[in-house]
Asker: 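Before I ask anything, here is the structure I am working with.
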Amino acid sequence: MDWSNLGGDTLSTRELFVVLPLPPSINHQYATVNGRRVLASPGRHYKTAVSRHLLTILRQSSHRTEFLGQLENHTLSLSLRFHFKTALRRDLDGGLKIAQDAICQAIDLNDNRITEIHLHKDLDSVRPRLECLLAIQEPIARTIRSPKTLSMVTKTSPRTVPQSSTDHNPR
């Protein structure tokens with residue numbers, strides 16, 4: 001995996017921008033072992049390398065604490081811009097899951113927190129790469145119900161049924 005000449009990584013209070021090598025192609029990400037699909041060695045190495053890279057960026061940034069604190073209570077967007085050597089050799093979506101997993105695992109984040117994904121495919125035969133932007137979006141709206149409130153909501157309320165025919169409106 002070639003990390004040379006990538007550069008451009010930044011961390012602000014609301015965004016993490018990293019430039020990574022392209023992930024392995026989908027054909028090299030997984031292997032079948034005893035009838036089960038498992039992450040193959042190139043995929044494991046990619047995720048480990050991304051994790052080390054992101055941890056270095058976080059360690060060096062003065063915005064680390066504020067950014068990580070906001071991850072806990074905001075929705076997130078992820079933009080991935082793949083710069084491939086050629087136009088037709090790789091699918092755009094083949095690197096999405098491994099890149100998303102690698103980034104999220106590195107910062108101990110469940111990827112279900114990402115509510116918006118943008119994928120882009122560009123060409124760069126000289127410097128193939130993946131540019132990733134993880135951005136803080138809206139605060140998560142949480143409705144917290146006490147057990148008593150929840151049980152009150154789930155109980156069916158009795159319907160009021162007229163007791164006599166005099167309660168009905170005449171036709």
Side-chain angles (χ1 to χ4, degrees), residues 1-140:
M1 206 169 313
D2 187 14
W3 289 82
S4 61
N5 234 5
L6 293 177
D9 304 321
T10 58
L11 178 66
S12 70
T13 57
R14 299 198 52 90
E15 294 182 344
L16 169 65
F17 179 79
V18 294
V19 183
L20 305 171
L22 289 174
S25 70
I26 195 75
N27 295 332
H28 293 99
Q29 287 179 28
Y30 296 94
T32 303
V33 177
N34 297 325
R36 295 181 57 206
R37 297 287 284 166
V38 296
L39 193 60
S41 179
R44 289 191 310 272
H45 290 303
Y46 184 79
K47 289 171 82 170
T48 300
V50 168
S51 182
R52 285 185 187 137
H53 185 68
L54 289 180
L55 292 176
T56 300
I57 293 167
L58 289 169
R59 252 186 256 116
Q60 295 173 352
S61 175
S62 60
H63 301 293
R64 167 186 66 248
T65 304
E66 188 172 350
F67 179 80
L68 292 174
Q70 291 185 78
L71 289 178
E72 296 177 17
N73 56 10
H74 286 75
T75 62
L76 306 167
S77 71
L78 179 64
S79 273
L80 300 175
R81 184 170 295 276
F82 293 89
H83 295 267
F84 295 118
K85 284 184 179 184
T86 63
L88 303 176
R89 187 134 188 213
R90 303 263 314 252
D91 290 342
L92 175 60
D93 61 347
L96 166 63
K97 188 62 177 160
I98 194 165
Q100 179 177 318
D101 286 348
I103 293 166
C104 290
Q105 286 175 8
I107 57 177
D108 196 29
L109 176 71
N110 188 332
D111 62 4
N112 70 2
R113 301 293 306 291
I114 296 173
T115 59
E116 184 177 309
I117 295 176
H118 303 269
L119 294 176
H120 307 271
K121 183 176 184 177
D122 291 327
L123 300 178
D124 191 336
S125 61
V126 176
R127 209 175 126 225
R129 66 196 178 278
L130 171 58
E131 296 175 351
C132 310
L133 177 66
L134 181 66
I136 306 289
Q137 296 297 308
E138 301 296 318
I140 295 173

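Quick note: numbers below take in every heavy atom, side chains included, and nothing from hydrogens, waters or symmetry partners. This structure is a prediction, so every number in the text was calculated from the model and none was measured.
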Asker: Looking at side-chain heavy atoms only, is the closest gap between Cys132 and Leu130 below 4.5 Å?
Answerer: yes
Asker: In chain order, what residues pass the salt bridge (charged side-chain N to carboxylate O under 4.0 Å, His left out) check against Asp111, with sequence neighbours excluded?
Answerer: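 Asp111 satisfies salt bridge (charged side-chain N to carboxylate O under 4.0 Å, His left out) with Lys97 once adjacent residues are dropped.
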Asker: Please name the pair of heavy atoms, one in Phe84 and one in Leu22, separated by the smallest distance, quoted to 0.1 Å.
Answerer: CD2-CD1, 3.7 Å
Asker: Roughly how far, to the nearest 0.5 Å, is the CG atom of Leu88 from the CG atom of Leu123?
Answerer: 8.5 Å
Asker: Search all heavy atoms of Ala135 against all heavy atoms of Glu15 and return the closest pair with its distance.
Answerer: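 Scanning both residues, the minimum pair turns out to be CB-CG, 4.0 Å.
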Asker: Can you tell me how far CG of Leu71 sits from CD of Glu66, rounded to the nearest 0.5 angstrom?
Answerer: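 Going from the CD atom of Glu66 to the CG atom of Leu71 covers 11.0 Å.
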Asker: Backbone N or O of Arg44 within a donor-acceptor pair of the Thr48 side chain at under 3.5 Å?
Answerer: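 Yes, Thr48 side chain to Arg44 backbone: donor-acceptor pair under 3.5 Å.
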Asker: Check whether any side-chain heavy atom of Leu16 sits under 4.5 Å from a side-chain heavy atom of Ser61, and report yes or no.
Answerer: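 No; the side chains remain at least 4.5 Å from each other.
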Asker: Which heavy-atom pair separates Val19 from Glu131 by the least distance, and what is that distance?
Answerer: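 Residues Val19 and Glu131, closest heavy atoms: CG2-CG, 4.2 Å.
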Asker: Measuring from atom CG of Asp9 to atom OG1 of Thr56, what distance do you get when rounded to the nearest 0.5 angstrom?
Answerer: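 Rounded to the nearest 0.5 Å, the CG-OG1 separation comes to 9.5 Å.
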Asker: Working to the nearest 0.5 angstrom, can you tell me the gap between His63 NE2 and Leu58 CG?
Answerer: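 The distance works out to 12.0 Å.
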Asker: Assess the residue pair Arg127 and His83 against the criterion (side chain to side chain contact (heavy atoms under 4.5 Å, CB included)); give the C-alpha distance rounded to whole Å, side-chain angles, the decisive distance to 0.1 Å, and a yes or no.
Answerer: CA-CA 8 Å; Arg127 209 175 126 225; His83 295 267; over 6 Å; no
Asker: Counting neighbours of NZ on Lys85 that are heavy atoms of other residues, nucleotides or ligands and sit closer than 6.0 Å, is the number greater than 12?
Answerer: no
Asker: Name the atoms and distances for all side-chain donor-acceptor pairs under 3.5 Å in residues 75-82, with sequence neighbours left out.
Answerer:
| unit_1 | atom_1 | unit_2 | atom_2 | d |
| --- | --- | --- | --- | --- |
| Thr75 | OG1 | Glu138 | N | 3.2 |
| Thr75 | OG1 | Glu138 | O | 3.3 |
| Ser77 | OG | Gln137 | NE2 | 3.0 |
| Arg81 | NH1 | Asp122 | OD2 | 2.7 |
| Arg81 | NH2 | His120 | ND1 | 3.4 |

Asker: Say you draw a straight line from CG of Leu54 to CG of Leu20; how long is it, rounded to the nearest 0.5 Å?
Answerer: 6.5 Å
Asker: If I take atom CG from residue Asp101 and atom OH from residue Tyr46, how far apart are they, to the nearest 0.5 angstrom?
Answerer: 11.5 Å
Asker: Taking all non-hydrogen atoms of both residues into account, name the closest pair between Arg14 and Gln70 and its distance.
Answerer: NH1-OE1, 2.9 Å
Asker: Would you say the side chain of Arg113 lies within less than 4.5 Å of the side chain of Ile140, judging by non-hydrogen atoms?
Answerer: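 A side-chain contact under 4.5 Å exists here.
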Asker: What closest approach, in Å, do Gly43 and Ile98 show between heavy atoms, and which atom pair accounts for it?
Answerer: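 So the two residues come closest at CA-CD1, 3.6 Å.
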Asker: Taking atom CG of Asn112 as the centre, does the number of heavy atoms from other residues, nucleotides or ligands within less than 6.0 Å exceed 12?
Answerer: yes
Asker: Between Leu55 and Ala106, what is the shortest heavy-atom contact and its length?
Answerer: CD2-O, 3.6 Å
